[in-house]
Visitor: 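Shown below is the structure under consideration.
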Amino acid sequence: MSWETIDRTTVAEEKLGPGLSAAAREKIRTFFPRYPSKRAAMLPALHIAQDEIGYCSLRAMRDIAELLEVPPSAVMDVVTFYTQFWTHPRGKKVITVCRSLSCELMGGKEVLAALKEKLGIDEHQTTPDGKYSLVTEECLASCDHGPCMQINEKTHKCVRVEDLDRILSDPDNDKISMPRSDIFDAPQKT
Ligand code: FES
């Protein structure tokens, strides 16, 4: 067996994806005073990038590395560690089905199978119209209301297969009534 060296320093322009806008860069900068180092603002920076672009493109990771004054590989390390960050385009809404024990005992597997059939996609895929992507995750912290799933940030509890058509056709199925964390919104200036 022989080892092959892969040169990752050159990436075709079309594979870099979109970069950060000036507004996103500015928003990331507003997080710097909160932390002892720029590097510590990595997670909010990635959330801002993903919010703006829809995923963490290579160009956005490079932009963040530049802003945080770290090597691009340090940004990619974080992106590929957390399943919440996507390295390729995802659907407008991400459906996350719980695959842990309590939900499975209450019918989570059946809900997942029905979703795959209704959407015509498998896990980590996106519907052709770009509306939904489907993934599974460990416990979503609503074990007493299994089976449950999230659509973007909204948790749907005690989901039955027969509820799915109603849930999927509801345009507000991802809307939450509480304010989002300020991890997404720039902190107040003091
Ligand atoms: S086991 Fe499904 S939310 Fe905890």
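In listed order, ligands and their atoms are each counted from 1.
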Visitor: Using only atom types and a distance under 3.5 Å, with no angle test, would you say the side chain of Gln50 pairs donor to acceptor with the backbone of Gln84?
Guide: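 Checking the backbone N and O of Gln84 against the side chain of Gln50, a donor-acceptor pair under 3.5 Å is found.
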
Visitor: In plain terms, say whether Glu69 and Arg39 are close enough for a salt bridge, that is, a side-chain N and a carboxylate O under 4.0 Å apart.
Guide: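 No, Glu69 and Arg39 are not salt-bridged.
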
Visitor: If you link I, L, V, M, F, W and Y whenever their side-chain heavy atoms are under 4.5 Å apart, who else ends up in the same group as Leu101?
Guide: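 Noted: Leu101 shares its cluster with Leu105.
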
Visitor: List-wise, which protein N, O or S atoms are found short of 2.8 Å from atom 4 (Fe) of ligand 1?
Guide: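 Per the 2.8 Å query on atom 4 (Fe) of ligand 1, atoms found are Cys139 SG, Cys143 SG.
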
Visitor: In residues 163-173, what donor-acceptor pairs under 3.5 Å come from side-chain atoms, sequence neighbours left out?
Guide:
{"unit_1": "Asp163", "atom_1": "OD1", "unit_2": "Arg160", "atom_2": "NE", "d": "3.4"}
{"unit_1": "Asp163", "atom_1": "OD1", "unit_2": "Arg160", "atom_2": "NH2", "d": "2.8"}
{"unit_1": "Asp163", "atom_1": "OD2", "unit_2": "Arg160", "atom_2": "N", "d": "2.9"}
{"unit_1": "Asp163", "atom_1": "OD2", "unit_2": "Arg160", "atom_2": "NE", "d": "3.2"}
{"unit_1": "Asp165", "atom_1": "OD1", "unit_2": "Lys118", "atom_2": "NZ", "d": "3.1"}
{"unit_1": "Ser169", "atom_1": "OG", "unit_2": "Asp165", "atom_2": "O", "d": "2.9"}
{"unit_1": "Ser169", "atom_1": "OG", "unit_2": "Arg166", "atom_2": "O", "d": "3.2"}
{"unit_1": "Asp170", "atom_1": "OD1", "unit_2": "Asp172", "atom_2": "N", "d": "2.8"}
{"unit_1": "Asn173", "atom_1": "OD1", "unit_2": "Lys93", "atom_2": "NZ", "d": "2.7"}
{"unit_1": "Asn173", "atom_1": "ND2", "unit_2": "Tyr132", "atom_2": "OH", "d": "2.8"}
{"unit_1": "Asn173", "atom_1": "ND2", "unit_2": "Ile167", "atom_2": "O", "d": "2.8"}
{"unit_1": "Asn173", "atom_1": "ND2", "unit_2": "Asp170", "atom_2": "O", "d": "3.1"}

Visitor: Distance-only check: which donor-acceptor pairs under 3.5 Å involve side-chain atoms of residues 53-65, not counting sequence neighbours?
Guide:
{"unit_1": "Ser57", "atom_1": "OG", "unit_2": "Pro18", "atom_2": "O", "d": "2.5"}
{"unit_1": "Ser57", "atom_1": "OG", "unit_2": "Ala60", "atom_2": "N", "d": "3.0"}
{"unit_1": "Arg59", "atom_1": "NE", "unit_2": "Gly17", "atom_2": "O", "d": "2.8"}
{"unit_1": "Arg59", "atom_1": "NH1", "unit_2": "Glu13", "atom_2": "OE2", "d": "3.4"}
{"unit_1": "Arg59", "atom_1": "NH2", "unit_2": "Glu13", "atom_2": "OE2", "d": "3.1"}
{"unit_1": "Asp63", "atom_1": "OD1", "unit_2": "Arg25", "atom_2": "NH2", "d": "3.4"}
{"unit_1": "Asp63", "atom_1": "OD2", "unit_2": "Leu20", "atom_2": "N", "d": "2.8"}
{"unit_1": "Asp63", "atom_1": "OD2", "unit_2": "Arg25", "atom_2": "NH2", "d": "3.3"}

Visitor: Classify the side-chain pair Thr83/Glu137 by whether it contains a donor and acceptor separated by less than 3.5 Å.
Guide: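 The answer is yes; a qualifying pair exists.
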
